[in-house]
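Reminder, nothing fancy here: chain letters follow the sequence lines and each chain counts from 1.
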Amino acid sequence: MYQLLRKLAHWIDARAGVSATLWPMMRHPVPRSIDGPMGWWYVFGSASMTFLLIQILTGIGLSMVYVPAADQAYESLLYLDYQQPWGWFLRSLHYYAGSGMVVMLLVHMTQVFLQGSYKYPRELTWVVGVLLLACTMGMFFTGQILRWDTDAYWGLAVGASMAGRVPVLGPEIVHTLLGGDIIGASSLSRFFALHVFIIPGALLTFLGIHLWLVLRCGISAPPKPGEIVDPKTYDATYHEELKRGVPFFGDALLKDIFFSALAVTIVVVIAAVVGPKGPTEPPDPTLAGANPRPEWPFLWLFGLLSLSPPAIETFIMLVFPVLVLGALFFVPFVSNRGERAPSRRPAAVLLVIVIYTTLGVLTYEGVQAPWSPVMDAWSGDPVPVNLVEGRTPLELQGAAVFQFKNCRNCHALEGIGGRRGPDLTTIGASLTRDQLITQISNGTPGGGNMPAYGKQMSPAEMEATVAFLISLRPDGQLPAGAVEDAPVEGTTPQPVELTE
Amino acid sequence: MNAPLPSSGKQLCPGGKPPRRAFFRLLTGALGAAATGLLTLPMLGYFFGRRHRPAMWVPMGDLSDFPLNETRTINFDNPLRQPWDGMTSMTGVHVRYQGKNDAGDEQFLVLAANCAHLGCPVSWFPQSGLFMCPCHGGVYYENGERASGPPPRGLFHCVWRVKEGKLEIEAPHYPTLHDTLTESLES
Amino acid sequence: MVACAAFVGCNDDFPGKPNPADRPLPQNEITDFATLFAQNCTGCHGADGELGPAPPLNDPLFLALIPDETLHAVIRDGRPGTPMPAFAAERGGTLSTEQVKIIAAGLKSHWPADKTEEVSDAAIVADAPPYLSSATILQLTPGATDQASTLFERACAECHSPNGAGGETGYASGGAINDRAFLALISDQALRRIIITGRHDLGMPNYAAPDGRPEDFKPLTSAEIDELVALLASWRRGDAAAGDAGK
């Protein structure tokens with residue numbers, strides 16, 4: 001039996017030439033120091049690839065049940081979650097392995113950047129790597145759309161609106177993106193094609209090129225301070241180094257396998273414990289209470305967009321991503337020689353710190369989303385009890401008007417409520433009656449963040465609301481603008497004479 | 001390769017019969033171009049073409065359903081749908097009856113629910129007379145004009161008409177900044 | 001091998017396995033009273049239906065008195081002249097007909113009965129004036145104004161001072177109720193309700209409670225409450241009498 005199999009293998013090998021071509025590739029030498037502890041820096045790329053493999057497996061599995069039709073997609077997701085054995089786990093794993101792939105890609109890229117591995121002669125490897133990152137982000141966005149729920153619908157709406165801002169061609173792009181006049185079945189089918197055929201096709205092609213380039217240019221040796229990359233001498237030096245090298249398919253690969261196995265274990269555990277993401281409410285655009293949020297790799301962009309002034313918004317939507325991608329492309333052409341060791345490249349280290357800090361802060365803002373009004377705060381967030389007790393009838397009625405006029409959707413009381421505008425818990429101590437009336441009536445001058453309520457409120461409503469707001473002061477503190485020696489009785493704020 | 005044609009022809013055919021090979025190369029090029037064109041044009045048409053349909057009108061309800069100066073949210077199944085759109089084709093608009101104009105014609109304001117900023121669904125708050133958007137906090141007045149926040153303009157207006165005592169609107173496509181629902185009216 | 005087969009089978013009970021009960025419901029399909037109440041009512045009426053700026057709903061006297069149809073109509077159509085908005089979708093609100101019914105029915109049964117202890121006994125409920133006034137027009141004749149003022153002095157002045165201007169004479173500060181902005185934001189029916197039920201959460205006595213009232217105080221009758229409401233309404237209009245009272 002064993003002999004027979006051997007014979008078969010030889011027969012195939014004689015024709016396919018596997019041992020003649022692939023084997024040398026697998027055994028290609030890598031610098032000796034990668035076999036040492038420094039080799040742990042080299043495991044992230046292969047971990048990304050392992051996650052990609054999981055994505056392909058789970059993706060194929062999901063495609064056997066999921067229906068990419070607008071009227072049935074949601075139902076098939078529910079079926080996967082609740083009926084299909086292990087369906088929930090596959091959905092969960094597909095999400096967390098995808099997230100893991102993004103994380104590993106970023107770590108891999110950061111490592112390559114910090115250790116200067118992108119320099120001569122590996123510029124093209126880096127450029128293709130950037131394309132791989134772009135494809136992976138594209139997979140994340142299109143994947144979110146396939147989770148055909150409320151968030152998916154509105155995520156697509158936001159994407160279409162951004163594309164619609166392109167001058168002249170905008171409407172055509174939107175129409176092509178949606179596959180019709182409205183967001184619907186054709187849109188979902190398009191994103192299915194993107195997620196399952198187009199982007200994976202591109203991704204695998206780029207991955208093939210990336211791997212070929214890694215083989216062709218060789219794996220860079222761990223950087224040593226003072227070792228300068230010079231295109232004139234590098235090839236010869238590297239060649240010399242490889243002569244003392246170790247085969248890739250050997251102990252060097254062991255670290256990759258170990259790390260990938262660890263990463264897979266972690267992701268599987270997360271998937272089993274946390275469970276699949278969504279689907280949220282069904283994709284009915286007339287449902288009240290929609291609150292779309294982008295997936296985590298895009299939260300920083302959500303934050304950036306929301307924090308930027310409206311005047312430069314279109315620029316950030318349309319030009320900024322191109323600039324970011326362009327900047328990444330140009331990295332190896334800006335500096336393709338010189339020092340590689342991070343200790344000798346403070347600018348690169350600083351850049352990485354600044355970029356990740358910025359991304360972190362923007363992502364945090366994106367999670368918090370203080371710019372988003374809380375749509376049901378006016379009816380669902382109670383007025384704190386200590387802001388109710390001890391109020392006069394007028395102030396109480398003012399508090400009710402405050403809720404009723406939806407002020408709470410943007411203004412928190414004691415931290416609860418919207419955070420688009422300032423928290424008003426102690427507003428009575430900082431704004432006078434006249435200032436309050438002006439602010440409420442006119443809103444933010446020049447059409448800023450606060451709408452003008454002048455026409456939206458009757459004089460009595462204004463009177464009551466302002467009375468309530470003036471009563472919002474820390475114990476014993478005078479209203480803003482009040483004379484210092486005016487009598488202050490008791491510990492609770494006293495009614496202010498408002499009716500002359 | 002890129003060697004000039006005549007010289008290579010001469011090298012291959014010292015007898016001096018280059019025109020045949022040259023002609024065949026030309027023919028291959030031309031046929032290749034024709035085949036590519038024949039293949040590409042329908043593909044482009046398929047991917048980027050627009051299906052033109054006559055305007056479709058959707059009934060919103062009897063005129064009496066709309067009290068003066070009050071905003072009602074009307075949900076309907078958009079006829080621009082595909083048969084397998086499911087609930088996705090449901091569309092909401094905000095309808096406000098504004099009384100009669102000087103000529104005695106009924107005046108309506110029909111606003112698309114999509115925020116002019118990035119398309120999120122605005123909600124109507126009758127108490128404060130404002131539309132608010134949950135995404136980035138765009139706010140509009142009851143007449144659809146921008147009140148505050150990031151939107152670059154007011155809400156999109158739908159085309160409406162009154163026919164046989166009923167309010168109808170033209171089935172709205174997904175409105176964006178350069179592709180509003182009433183280009184002619186708003187520009 | 002057997003264990004493996006069992007594993008592949010349907011034994012996938014991990015913490016991450018989604019529970020159909022946790023499925024997010026579309027807003028218009030929520031039928032749980034507590035959820036609907038929390039989302040739609042607590043903003044003004046308080047987290048547990050009391051201690052909000054608007055009158056308490058967690059008030060056995062109020063819930064016993066208000067007719068079912070009235071409660072349902074108030075939620076559906078709002079209370080004109082007050083900040084209580086219409087909640088039914090067909091009236092510009094956000095709730096379905098069904099959801100309005102659930103809230104109306106749920107209010108009457110939600111709070112457990114032992115709360116009635118706060119209203120000292122069932123007699124108070126039994127003897128209470130009807131929720132809705134039988135009088136159609138509340139208008140005070142000049143002569144009646146004095147009578148109403150006297151009544152106001154007995155029933156309300158301890159906390160709200162004789163002219164309704166508020167003050168700290170009693171054990172609790174009631175605050176001004178002759179304020180025209182305040183009166184413009186509360187309807188006659190809402191005033192009647194508050195006079196009958198008081199605000200147990202903020203210390204305002206109900207129609208019968210003797211707290212802060214003269215020793216010979218008798219529970220207010222429906223007609224007397226009409227008189228008081230009419231007096232407040234005259235202050236709202238800024239009648240001459242109100243001007244006097246306001247000084």
For the candidates A:Glu172, A:Gln72, A:Lys455, A:Glu461, which exhibits the highest count of non-hydrogen atom pairs separated by less than 4.5 Å from chain B? A:Glu172
Answer with yes or no whether the side chains of B:Ser89 and B:Asn78 bring together a donor and an acceptor at under 3.5 Å. no
Heavy-atom contact with chain B under 4.5 Å, split by part of A:Leu188: neither
Would you say the side-chain atoms of A:Tyr74 pair up with the backbone N or O of A:Thr280, donor to acceptor, closer than 3.5 Å? yes
With respect to chain B, which residue among A:Pro285, A:Ala160, A:Gly179, A:Pro167 yields the maximal number of heavy-atom pairs within a distance under 4.5 Å? A:Pro285
Name the option with the most non-hydrogen atom pairs under 4.5 Å to chain A; the candidates are B:Asn114, B:Thr91, B:Leu130. B:Leu130
If I take atom CG from residue A:Leu301 and atom CG from residue A:Leu362, how far apart are they, to the nearest 0.5 angstrom? 9.0 Å
Does A:His411 reach the main-chain N or O of A:Pro422 with its side chain, forming a donor-acceptor pair under 3.5 Å? yes
Once you measure the plane-to-plane angle for B:His117 and B:His136, does it fall in the parallel (<30°), tilted (30-60°) or perpendicular (>60°) bin? perpendicular
Chain A contact via B:Ala171 - which portion, at a heavy-atom distance below 4.5 Å: neither
So, B:Thr180 and B:Arg153: side-chain donor and acceptor under 3.5 Å apart, yes or no? no
Take A:Leu177 and A:Phe191 through the side-chain contact (heavy atoms from CB on, under 4.5 Å) test and state the conclusion after the steps. CA-CA 9 Å; A:Leu177 199 66; A:Phe191 277 83; 4.2 Å; yes
One option among A:Arg420, A:Met317, A:Arg190 has the most heavy-atom pairs under 4.5 Å with chain B, and it is A:Arg420
Looking only at A:Val401, A:Val174, A:Thr176, A:Leu178, most heavy-atom pairs under 4.5 Å shared with chain B are made by A:Thr176
At a 4.5 Å cut-off on heavy atoms, which part of B:Phe48 comes close to chain A: side chain, backbone, both, or neither? both
Backbone N/O of A:Val374 and side chain of A:Arg419: donor-acceptor pair under 3.5 Å: no
Count the heavy-atom pairs under 4.5 Å between each of B:Gly49, B:Pro83, B:Cys133 and chain A, then report the option with the highest count. B:Cys133
Just give me the residue among B:Pro126, B:Cys135, B:Pro121, B:Pro151 that pairs up with chain A most often, heavy atom to heavy atom, under 4.5 Å. B:Pro121
I'd like to know if the side chain of A:Gln403 and the backbone of A:Asp381 have a donor-acceptor N/O pair within less than 3.5 Å. yes
Heavy-atom proximity to chain B below 4.5 Å, by part of A:Met457: neither
For chain B, which of A:Ser187, A:Ala73, A:Ala311, A:Pro282 has the most heavy-atom pairs under 4.5 Å? A:Pro282
Interface residue of largest heavy-atom contact number with chain A, from B:Arg53, B:Met90, B:Arg81, under 4.5 Å: B:Met90
Please state whether the side chain, the backbone, both or neither of B:Tyr140 comes within less than 4.5 Å of a heavy atom of chain A. neither
Tabulate, in ascending numerical order, the residues of residues 145-157 of chain A having at least one heavy atom closer than 4.5 Å to a heavy atom of chain B, or enter 'none'. A:Trp148, A:Tyr153, A:Trp154, A:Ala157
Aromatic ring pairing A:Phe141/A:Phe298, orientation class (parallel under 30°, perpendicular over 60°, tilted between): perpendicular
Looking only at atom types and distance, does a side-chain atom of A:Ser76 sit under 3.5 Å from a main-chain N or O of A:Val67, one as donor and one as acceptor? yes
What residue among A:Pro309, A:Pro321, A:Ser308 forms side-chain contact (heavy atoms from CB on, under 4.5 Å) with A:Ile316? A:Ser308
Identify which of B:Gly86, B:Gly137, B:Gly138 forms the greatest number of heavy-atom pairs closer than 4.5 Å to chain A. B:Gly137
Taking every non-hydrogen pair under 4.5 Å, which of A:Ala69, A:Gly180, A:Ser186, A:Gly443 racks up the most with chain B? A:Ser186
Using 30° and 60° as the class limits, which term best fits the ring planes of B:Trp124 and B:Phe131: parallel, tilted or perpendicular? tilted
Looking only at B:Leu177, B:Thr176, B:Thr88, the option with the highest number of non-hydrogen pairs under 4.5 Å against chain A is B:Thr88
Between B:Arg72 (side chain only) and B:Asp65 (backbone N and O only), is there a donor and an acceptor less than 3.5 Å apart? no
